Amino acid sequence: MKELMMNMPAMLALTTGAYLLGVWVKRKSGLSMLHPFLISVPVVIAILKVTDIPCSFYIESNVIIDFFLGPCVVALGLLLYDHRKIISRNLVGILSAVTSGSVVGVASVYAMCRMLRLDEVFLLSLEPKSVTAPIAIEISTFLGGDQSLTAVSVVLCGFIGAVIGPLILKVFRMKSPIAKGLAMGCASHGLGTARAIEMGAVEGAVSGLAIALMGVMTAVAVPLFNLIVGL
Amino acid sequence: MNVFIGLFIILAFLVIGNLLSALLGGFIPGSVIGMLLLFLSLLTGVIKDKWVRQAATFLTDNMMIFFMPAFMGIMDLWGVVKMDLWAWIAVLVLTTILVMLASGLTQTFVERLVSRHKAAHADKTGKIIKQED
């Protein structure tokens with residue numbers, strides 16, 4: 001079994017198969033909160049354990065998939081273009097909201113990591129965590145953080161925001177669709193957007209474009225912030 | 001439209017982005033610069049959206065699969081993370097709430113400013129019309 005599986009095509013098939021299974025289960029369940037990773041990741045872990053293949057071999061074999069993170073980020077340019085009308089109509093609000101979101105995100109991670117005396121690797125991996133995973137991973141690699149810790153933190157933040165987001169919006173009386181969309185998209189990227197789409201079309205669209213803009217702002221804010229605090 | 005046209009454009013923008021990133025001293029990731037350049041090229045019409053649409057939507061619609069390998073790396077890192085598990089989760093929960101408040105409330109504030117400005121403006125024009133009567 002191990003001989004059959006321990007090669008690159010098998011590992012790539014494992015990734016694509018587990019991903020498709022996760023997407024299929026999510027679609028069948030109709031739950032926006034069900035992240036495909038809840039299915040895909042346990043499936044991959046189980047198969048690696050059963051066949052006794054080391055995780056490092058799995059990751060090495062998937063470099064082709066990993067490579068596409070960069071092109072994925074570039075492709076978000078089209079998403080921005082598709083939302084150009086909403087952006088230009090609300091330019092001041094959207095830009096200020098995204099700027100304050102990214103600055104507060106970086107500063108609060110720094111403050112909390114220092115207060116809780118967390119290791120440097122946590123700080124560098126978490127600073128870009130309010131951003132969609134492909135961009136967050138790129139920023140984290142630049143900073144010298146850990147890619148995996150960033151990826152998992154990003155997904156968890158997606159969950160956290162999607163679950164408690166609607167409550168926060170209600171408590172702080174954010175009623176405008178644009179404010180709601182920005183709050184969900186800036187804090188919780190993909191999963192937040194899935195939730196925002198359920199609130200309304202404008203909320204969903206704004207949340208989607210916030211993902212890309214938040215990535216740009218955070219890519220600038222993180223190195224600037226680290227320069228200021230002397231990290 | 002051949003999907004490789006879009007893929008070629010996206011890769012070309014990634015290459016240019018990486019080049020500019022290196023020139024800027026590696027301050028901003030090349031992919032982020034590439035995204036902005038693609039956006040600007042689409043706005044100015046240098047690149048037509050139909051050239052990249054197929055390739056770009058394939059990438060963004062299936063974004064999750066591309067960070068699965070990075071995600072799996074947590075298995076090797078679990079020993080380190082486990083020790084600070086609760087502190088880590090606490091940071092994630094609190095900072096996510098703070099980001100949500102910062103962005104959402106900023107937009108609410110700007111909207112209020114804009115509507116107040118509009119109301120003041122409407123007031124003035126209203127008076128002018130009355131005077132003319």
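Residue numbers begin at 1 in each chain, while the letters A, B, ... track the order of the sequences. Computed from a predicted model, the values in this text were never measured in an experiment. Just the heavy atoms: all of them, side chains too, but no hydrogens, waters or symmetry mates, feed the values below.
- With a 4.5 Å cut-off on non-hydrogen atoms, B:Leu7 touches chain A through its side chain but not through its backbone.
- Remark: B:Arg116 does not engage B:Glu111 in a salt bridge, criterion side-chain N to carboxylate O under 4.0 Å.
- Residues of residues 89-98 of chain B placed with any heavy atom under 4.5 Å of a heavy atom in chain A are listed by number as B:Ile89, B:Ala90, B:Val91, B:Leu92, B:Val93, B:Leu94, B:Thr95, B:Thr96, B:Ile97, B:Leu98.
- For A:Ser130, the part lying near chain B is the side chain, with the backbone staying farther off; criterion is any non-hydrogen pair under 4.5 Å.
- Residue A:Thr141: no heavy atom, backbone or side chain, is found under 4.5 Å from chain B.
- Looking at A:Ser188, the atoms closer than 4.5 Å to chain B (heavy atoms on both sides) all sit in the side chain, from C-beta outward.
- With a 4.5 Å cut-off on non-hydrogen atoms, A:Ile45 touches chain B through its backbone and its side chain both.
- A donor-acceptor pair under 3.5 Å is formed between the side chain of B:Ser21 and the backbone N or O of B:Ile28.
- For A:Asp119, the salt bridge (charged side-chain N to carboxylate O under 4.0 Å, His left out) criterion is met by no residue, not counting sequence neighbours.
- The aromatic rings of B:Phe66 and A:Phe68 are tilted relative to each other, their planes meeting at an angle between 30° and 60°.
- For a residue to count as touching a neighbouring chain, one of its non-hydrogen atoms must lie under 4.5 Å from one of that chain's; by this rule B:Leu77 touches chain A with the side chain only.
- In this structure, no portion of A:Ala107 lies under 4.5 Å from any heavy atom of chain B.
- Within the 4.5 angstrom heavy-atom criterion, no atom of B:Asn18 approaches chain A.
- Taking chain B as the reference chain and counting heavy-atom pairs below 4.5 Å, the highest number among A:Asp66, A:Val103, A:Leu76 is found for A:Leu76.
- When heavy atoms are compared at a cutoff of 4.5 Å, A:Leu118 approaches chain B solely by way of its side chain, counted from C-beta outward.
- Chain B forms the most heavy-atom pairs under 4.5 Å with one residue out of A:Val216, A:Thr150, A:Asn62, and that residue is A:Val216.
- When heavy atoms are compared at a cutoff of 4.5 Å, A:Leu224 approaches chain B by way of both its backbone and its side chain.
- Formation of a donor-acceptor pair under 3.5 Å by the A:Ser40 side chain with backbone atoms of A:Ala18 is found in this model.
- Residue A:Ile135 touches chain B through its side chain alone, counting heavy-atom pairs closer than 4.5 Å.
- Proximity to chain B (any heavy atom under 4.5 Å) is restricted, for A:Leu126, to the side chain, taken from C-beta onward.
- With respect to chain B, the highest number of heavy-atom pairs below 4.5 Å among A:Gly181, A:Ser96, A:Ser61, A:Gly22 belongs to A:Ser96.
- Both the backbone and the side chain of A:Phe172 come within less than 4.5 Å of a heavy atom in chain B.
- Residues of residues 36-45 of chain B that come within less than 4.5 angstrom of chain A, heavy atom to heavy atom, are B:Leu36, B:Leu38, B:Phe39, B:Leu42, B:Leu43 in numerical order.
- With a 4.5 Å cut-off on non-hydrogen atoms, A:Ile168 touches chain B through its side chain but not through its backbone.
- Considering only heavy-atom pairs separated by less than 4.5 Å from chain B, the leading option among A:Val222, A:Ile139, A:Asp146 is A:Asp146.
- Heavy atoms of A:Ile137 lying under 4.5 Å from chain B belong exclusively to its side chain.
- Most heavy-atom pairs under 4.5 Å with chain B, from the set A:Val104, A:Ile59, A:Val63, A:Leu80: that is A:Leu80.
- By the 6.0 Å and 45° rule, B:Arg112 does not stack over the aromatic ring of B:Phe109.
- A donor-acceptor pair under 3.5 Å is formed between the side chain of A:Arg84 and the backbone N or O of A:Tyr81.
- Proximity to chain B (any heavy atom under 4.5 Å) is restricted, for A:Met214, to the side chain, taken from C-beta onward.
- Heavy-atom neighbours of chain B within the stretch residues 151-161 of chain A, taken at a separation under 4.5 angstrom, comprise A:Ala151, A:Val152, A:Ser153, A:Val155, A:Leu156, A:Cys157, A:Ile160, A:Gly161.
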